[in-house]
Amino acid sequence: MAAVYQALHRRASSLVQCRLHSTYVRKMRYLNQLKENDSLCRQAQTSGTFYLFHNLSPFLQKVGKKYLVPQLSAAETRQILEKFPEAEQWMEKSVLIGCSDEHRPRFALDLGALDKSVIESELQGSFTDLRKALFVVDGEDSPLLASAQSLLRWHDSHQYCSKTGQPTEKNPAGSKRVCHASGVTYYPQMSPVVITLVSDGSRCLLARQPSFPPGMFTALSGFCDLGENVEEAVRREVAEEVGLEVESLHYSASQHWPFPSSSLMIACHALVGAQQPEISMDTLELEEARWFGLEEIVEGLKREPSSSKQDDGSFLPWFPPKQAIAHQLIREWLQQQTAQTA
Ligand SMILES: NC(=O)c1ccc[n+]([C@@H]2O[C@H](COP(=O)([O-])OP(=O)(O)OC[C@H]3O[C@@H](n4cnc5c(N)ncnc54)[C@H](O)[C@@H]3O)[C@@H](O)[C@H]2O)c1
Ligand SMILES: [Mg+2]
């Protein structure tokens, strides 16, 4: 009898706990359950919504001037898949990417091996390169597309165990892959990258690589080396790329970035002494690196890429769009300078 009371008590207190938790906490716990519990996740696939990709390009619909990212129900997704052989097998390739506040799970599914024109005409939209998609969809959709594509990309490139060469199997949520021959479990990976806006107190340093679109300048960036902490990576990258020594730095924010594969961008502001030697640029990586004053930053932020070309064929500087964390660093620097000079 005591055991029954205890069980009832535990159930009652867990219900109270459940009500006490915020929507966010309940959502995160539900998502974690889906990752850990395979049968729950399979069940969730039948009531979830699906974002479609084709060879890592997300499916978008253009309505008027807006680009929408449609979420298909499981039934709608099946209807599309039934046009191709082995429909059920395709559903199993989906990966969990989140859920609504009401716990409706969201999945991403890459239909890369299927004829995309059939899907595009059926759903009246088009699979769009991620580099374009991220900058035309609504603000809250772009991080979702970026993380969904990164997870799909990771699965695509981790189909085999690097130890045995045997196929790996994904769990229903797509949060890991297992090699049954070696017992190795693989988890999705990303590379930490530091991005640093260097300032000498009154100017900030921006650079461009030859592969950038003409006129675009951004903050210095670089992949962290194994064993480095963020401070060491910032100091080394600034020394390598422009030959300056960082005197102090502070962290600003971070961002997941899907290019070239999956990076965690760690954004910092760094100060170099005003007495430091001139910039000495690493010409293997950079095409130009120079100081920008307050006025030039204000003008550059207003400029569109399309209006940067001048009559003599040269380009005036412009900076990355607001979806890129470099933009936030530049704006923060500007605010700080304006506050100092006010
Ligand atoms: N979101 C933003 O605002 C923003 C701004 C600037 C750069 N970035 C991203 O930061 C990334 C890194 O910047 P970078 O190109 O200056 O880096 P970098 O200065 O480290 O130079 C790139 C080189 O590093 C090597 N490298 C070392 N580890 C690597 C890894 N894990 N993956 C790929 N290459 C590796 C390669 O040889 C590569 O060519 C870029 O790919 C870019 O997409 C994002
Ligand atoms: Mg770099």
Side-chain angles (χ1 to χ4, degrees), residues 56 129-137 139 141-147 149-150 153-154 156-158 162 186-199 204-244 246 249 251-270 272 279-290 292 297 300-301 303 305 317-334:
L56 302 175
D129 186 76
L130 189 70
R131 282 197 186 264
K132 176 181 175 193
L134 281 193
F135 301 104
V136 294
V137 299
D141 284 331
S142 54
L144 190 83
L145 289 184
S147 54
Q149 197 234 34
S150 292
R153 183 191 291 278
W154 180 80
D156 187 47
S157 55
H158 287 77
S162 57
Y186 293 92
Y187 295 97
Q189 290 161 337
M190 57 186 166
S191 308
V193 173
V194 288
I195 173 157
T196 312
L197 188 61
V198 174
S199 170
C204 70
L205 199 164
L206 299 175
R208 49 174 282 110
Q209 294 180 8
S211 59
F212 287 2
M216 191 188 92
F217 280 79
T218 187
L220 301 176
S221 57
F223 290 93
C224 294
D225 278 350
L226 204 65
E228 259 180 349
N229 62 29
V230 169
E231 294 82 348
E232 287 164 342
V234 167
R235 285 173 65 87
R236 175 183 54 75
E237 279 294 333
V238 173
E240 272 178 21
E241 295 192 0
V242 291
L244 299 175
V246 166
L249 67 103
Y251 167 79
S252 165
S254 62
Q255 173 190 44
H256 166 257
W257 193 242
F259 313 113
S261 49
S262 189
S263 301
L264 176 66
M265 305 294 305
I266 305 158
C268 295
H269 289 275
V272 298
I279 293 169
S280 105
M281 188 179 76
D282 169 12
T283 51
L284 281 179
E285 178 169 343
L286 300 177
E287 180 179 82
E288 196 176 347
R290 65 175 180 88
F292 285 70
I297 293 291
L301 281 169
R303 196 168 289 126
W318 55 277
F319 310 133
K322 63 178 189 308
Q323 291 87 346
I325 203 159
H327 184 96
Q328 186 178 326
L329 280 175
I330 297 171
R331 284 223 176 261
E332 283 170 358
W333 181 84
L334 180 63

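What you see is a predicted model; the values in this text were computed from it and never measured. Every number for a ligand or one of its atoms is a count from 1 in the order of the listing. Numbering starts at 1 and runs along the sequence shown.
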Problem - Separation between CG of L206 and CE of M216, rounded to the nearest 0.5 Å - result: 10.0 Å
Please give the N or O to N or O pairs under 3.5 Å between ligand 1 and the protein, distances rounded to 0.1 Å.
{"residue": "ligand 1", "atom": "1 (N)", "partner": "Q255", "partner atom": "OE1", "Å": "3.3"}
{"residue": "ligand 1", "atom": "3 (O)", "partner": "I325", "partner atom": "N", "Å": "3.3"}
{"residue": "ligand 1", "atom": "3 (O)", "partner": "A326", "partner atom": "N", "Å": "3.0"}
{"residue": "ligand 1", "atom": "13 (O)", "partner": "S221", "partner atom": "OG", "Å": "2.9"}
{"residue": "ligand 1", "atom": "16 (O)", "partner": "Q209", "partner atom": "NE2", "Å": "3.2"}
{"residue": "ligand 1", "atom": "16 (O)", "partner": "S221", "partner atom": "O", "Å": "2.9"}
{"residue": "ligand 1", "atom": "16 (O)", "partner": "S221", "partner atom": "OG", "Å": "2.9"}
{"residue": "ligand 1", "atom": "16 (O)", "partner": "E285", "partner atom": "OE2", "Å": "2.8"}
{"residue": "ligand 1", "atom": "19 (O)", "partner": "S221", "partner atom": "O", "Å": "3.1"}
{"residue": "ligand 1", "atom": "19 (O)", "partner": "E241", "partner atom": "OE2", "Å": "2.8"}
{"residue": "ligand 1", "atom": "19 (O)", "partner": "E285", "partner atom": "OE1", "Å": "3.0"}
{"residue": "ligand 1", "atom": "19 (O)", "partner": "E285", "partner atom": "OE2", "Å": "3.0"}
{"residue": "ligand 1", "atom": "20 (O)", "partner": "F223", "partner atom": "N", "Å": "2.9"}
{"residue": "ligand 1", "atom": "31 (N)", "partner": "S191", "partner atom": "OG", "Å": "3.3"}
{"residue": "ligand 1", "atom": "43 (O)", "partner": "W257", "partner atom": "NE1", "Å": "3.1"}
{"residue": "ligand 1", "atom": "43 (O)", "partner": "F259", "partner atom": "O", "Å": "3.3"}

Problem - For S252, side-chain hydrogen bond (donor to acceptor under 3.5 Å, both in side chains) partners two or more places apart - result: E332
Exercise for the section: Using 2.8 Å as the cut-off, note every protein N, O or S atom close to the Mg ion (ligand 2). Expected result: S221 O, E241 OE2, E285 OE2
Problem - Under 3.5 Å: donor-acceptor pair, side chain of R208, backbone of E287 - result: no
Practice task
Nearest 0.5 Å please: distance from the OG atom of S191 over to the CG atom of L226.
Solution key: 10.5 Å
Handout entry: Shortest non-hydrogen contact from S263 toward F223
Key = OG-CE2, 3.9 Å
Exercise for the section: Taking all non-hydrogen atoms of both residues into account, name the closest pair between Y186 and S162 and its distance. Expected result: OH-N, 3.2 Å
Practice task
For the pair F292 and F319, name the ring-plane relationship: parallel under 30°, tilted 30 to 60°, perpendicular over 60°.
Solution key: perpendicular
Problem - Within 6.0 angstrom of M281 CE, more than 12 heavy atoms from elsewhere - result: yes
Problem - By side-chain contact (heavy atoms from CB on, under 4.5 Å) - contacts of P321 (at least two apart) - result: F135, Q323
